[in-house]
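Single-structure report; data block below.
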Amino acid sequence: DISNTIDNQNDGCRTLPLSMHVGFDSLPDQLLKKSIKQGFCFNILCIGETGIGKSALMSSLFNTNFEDSPSTHFLPSVRLRAQSYEIQESNVLLKLTFVKTVGFGDQVNKADSYLPIVDYIDAQFEAYLEEELKVMRSLFSYHDTRIHVCLYFISPTGRSLKNIDLLTMRSLDSKVNIIPVIGKADSISKTELQEFKKKIMTELVTNGIQIYQFPTDDETVSEMNTITNGHLPFAVVGSMEKVKIGNKMVRARQYPWGIVKVENESHCDTVKLRRMLCTNMEDLREKTCAYYELYRRCRLEKLGCKDVGPENEPVSLQEVFEAKRLEFFLEMERKEEEIKQRFVQRVNEKAAMLEEAEQQASMPVYLEFLCQGRFRVNVRKMYSLKGLSSTGEQAAQGSVESQYLEVFKR
Ligand code: GDP
């Protein structure tokens with residue numbers, strides 16, 4: 001305690017009593033206050049076929065109406081639609097962005113369906129990197145759009161994963177935290193569901209797809225997370241409507257034979273998913289930063305930046321920048337010279353072509369002119385001697401001229 005230290009050092013001196021506790025143990029409180037004031041952001045990407053229940057699940061998870069106009073099955077390519085909301089719980093503000101795929105799995109050729117999703121995730125990393133590299137950057141107030149978690153919706157077929165699922169998850173597993181979920185899980189029986197879950201996990205392992213594992217190194221959540229990792233993929237049910245059961249309104253789906261309660265853990269895993277997302281939000285955000293670091297490293301290396309030289313000697317950013325600038329200027333100079341040379345060469349070629357064409361064109365025209373004049377005179381003489389009409393003379397003239405032209409052309 002600082003007050004005691006000061007007391008001991010100044011033995012015998014008069015000290016003022018402190019009006020409040022002073023110590024750096026208040027640092028976590030300061031951070032907490034600042035974070036609460038700033039709010040938190042969390043971005044979720046939902047990938048799945050059109051109508052698999054992405055919007056309904058999001059509404060159920062965050063008890064907010066995320067319903068938007070139903071997407072059609074006739075889009076020529078996959079697109080991503082983002083919606084942002086601010087949700088408040090107690091005094092904590094969460095800026096939630098929900099991004100969902102539209103048109104996923106609706107095309108005849110699905111080979112490239114994953115590309116727009118990869119591009120979207122990369123574009124968010126790129127935007128963050130651009131902000132980071134700015135001279136006047138403001139990362140504190142920057143709206144971070146990097147995807148923290150991807151809920152991958154698997155169709156409740158009870159069979160195996162589709163090619164599009166494997167392809168998409170494989171191309172994303174090094175960029176984002178993937179949590180696989182079985183959508184519309186109320187359409188599959190309980191025993192079939194357990195078998196289906198096992199089959200999915202085996203297929204993911206055999207195809208080398210890395211999914212997000214809830215962390216087990218923190219002892220406060222280790223037990224719960226270990227159990228939950230065994231429940232993956234989550235079998236989820238979503239609903240936009242609330243049904244009155246007893247004197248409570250609950251999110252549920254009503255069928256002629258009964259009611260599926262979204263919040264009932266024996267009916268589905270929706271509550272488990274919500275609990276896991278909330279308790280591991282910070283871990284998901286941290287892992288996203290790790291994926292971003294990977295992206296940043298590759299991007300900067302491509303730009304020619306490196307921390308060490310060929311002999312492991314440290315390289316300063318300034319040196320790298322200067323070298324790059326010089327390289328760029330030399331390249332520009334080389335290109336400029338190349339363009340100049342090409343231009344001169346083309347001008348010379350054109351000039352030679354024109355000269356040749358001029359020579360070729362002037363000779364026949366001149367000869368033609370001479371010959372045509374002589375024959376015109378001759379024809380006119382012949383016709384006047386024979387006393388023939390001027391129309392006959394013109395026709396004869398025309399045929400003679402065309403014959404001469406033929407000769408010159410040859
Ligand atoms: P999205 O296109 O993936 O966002 O799908 P929506 O959330 O708009 O849902 C499409 C339709 O499926 C709607 O009629 C929903 O009521 C229904 N639906 C959503 N979730 C579930 C579910 O868990 N089970 C069943 N059976 N239907 C669902």
Side-chain angles (χ1 to χ4, degrees), residues 43-85 96-107 110 113-114 116-117 120 147 149-158 161-162 164-165 168-169 172 178-190 192-194 196-197 200 231-243 245 249-275 277:
N43 307 320
I44 303 181
L45 167 66
C46 290
I47 305 177
E49 291 168 14
T50 310
I52 189 79
K54 299 183 285 291
S55 302
L57 181 74
M58 287 304 290
S59 302
S60 310
L61 283 178
F62 294 96
N63 206 15
T64 307
N65 201 0
F66 286 107
E67 199 173 9
D68 62 334
S69 53
S71 37
T72 102
H73 284 277
F74 305 103
L75 288 176
S77 60
V78 177
R79 288 185 208 152
L80 287 113
R81 196 183 287 165
Q83 295 163 279
S84 288
Y85 301 84
L96 183 73
T97 300
F98 161 45
V99 186
K100 77 166 189 175
T101 54
V102 282
F104 187 77
D106 288 336
Q107 294 76 36
K110 301 178 181 66
S113 298
Y114 69 93
I117 307 169
Y120 182 87
I147 299 296
V149 65
C150 160
L151 298 181
Y152 192 92
F153 284 69
I154 298 163
S155 302
T157 55
L161 287 170
K162 298 177 186 173
I164 187 174
D165 299 329
T168 310
M169 281 195 261
L172 293 180
I178 301 176
I179 300 183
V181 298
I182 301 169
K184 294 189 174 179
D186 52 335
S187 54
I188 189 167
S189 79
K190 225 169 177 169
E192 276 176 336
L193 185 67
Q194 290 319 312
F196 190 37
K197 278 189 175 191
I200 290 170
H231 283 291
L232 285 167
F234 294 120
V236 294
V237 174
S239 175
M240 297 284 189
E241 59 182 300
K242 286 190 172 176
V243 179
I245 297 175
M249 293 297 284
V250 293
R251 277 194 191 261
R253 301 193 70 84
Q254 267 183 306
Y255 295 105
W257 55 87
I259 291 174
V260 179
K261 293 185 208 155
V262 170
E263 315 252 323
N264 189 327
E265 282 197 54
S266 60
H267 289 189
C268 65
D269 298 333
T270 307
V271 172
K272 270 194 200 86
L273 174 62
R274 180 198 290 155
R275 191 187 311 129
L277 282 180

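Order of appearance sets the numbers: ligands from 1, and atoms from 1 within every ligand.
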For the pair R253 (side chain) and V260 (backbone), establish whether a donor and an acceptor sit closer than 3.5 Å, ignoring hydrogens and angles. no
[X] heavy atoms, cut-off 4.0 Å: which ligand 1 atoms fall inside?
X    : result
A56  : 7 (O), 19 (C), 20 (N)
S55  : 4 (O), 7 (O)
Y255 : 25 (C), 26 (N)

Regarding ligand 1, does V237 bring an N or O atom to under 3.5 Å of one of the ligand's N or O atoms? no
Taking the side chain as every heavy atom from C-beta outward, state whether [X] and [Y] have any pair of such atoms under 4.5 Å apart.
X    : Y    : answer
I117 : T101 : yes
M58  : Q83  : no
L277 : I179 : yes
L80  : L45  : yes

Given M58, M240, K54, identify the one with the heavy atom nearest to atom 1 (P) of ligand 1. K54
From atom 11 (C) of ligand 1, work out which of E49, H73, K184, R253 has a heavy atom at the shortest distance. K184
Protein heavy atoms: any of them under 4.0 Å from atom 25 (C) of ligand 1? yes
Heavy-atom protein neighbour under 4.0 angstrom from atom 20 (N) of ligand 1: yes
With side-chain contact (heavy atoms from CB on, under 4.5 Å) as the criterion, how do I259 and V250 come out once you've worked through the C-alpha distance, each side chain's angles and the decisive distance to 0.1 Å? CA-CA 11 Å; I259 291 174; V250 293; over 6 Å; no
Pairing of R251 and E263 as salt bridge, 4.0 angstrom limit: no
What protein heavy atom lies closest to atom 6 (P) of ligand 1? Include the residue and the distance to one decimal. G53 CA, 3.9 Å
For atom 23 (O) of ligand 1, what is the closest protein heavy atom, and at what distance to 0.1 Å? G238 N, 3.0 Å
Mind checking whether G51 has a heavy atom under 4.0 Å from ligand 1? yes
Look up atom SG in C46 and atom CZ in F104, then write down how far apart they are to the nearest 0.5 Å. 12.5 Å
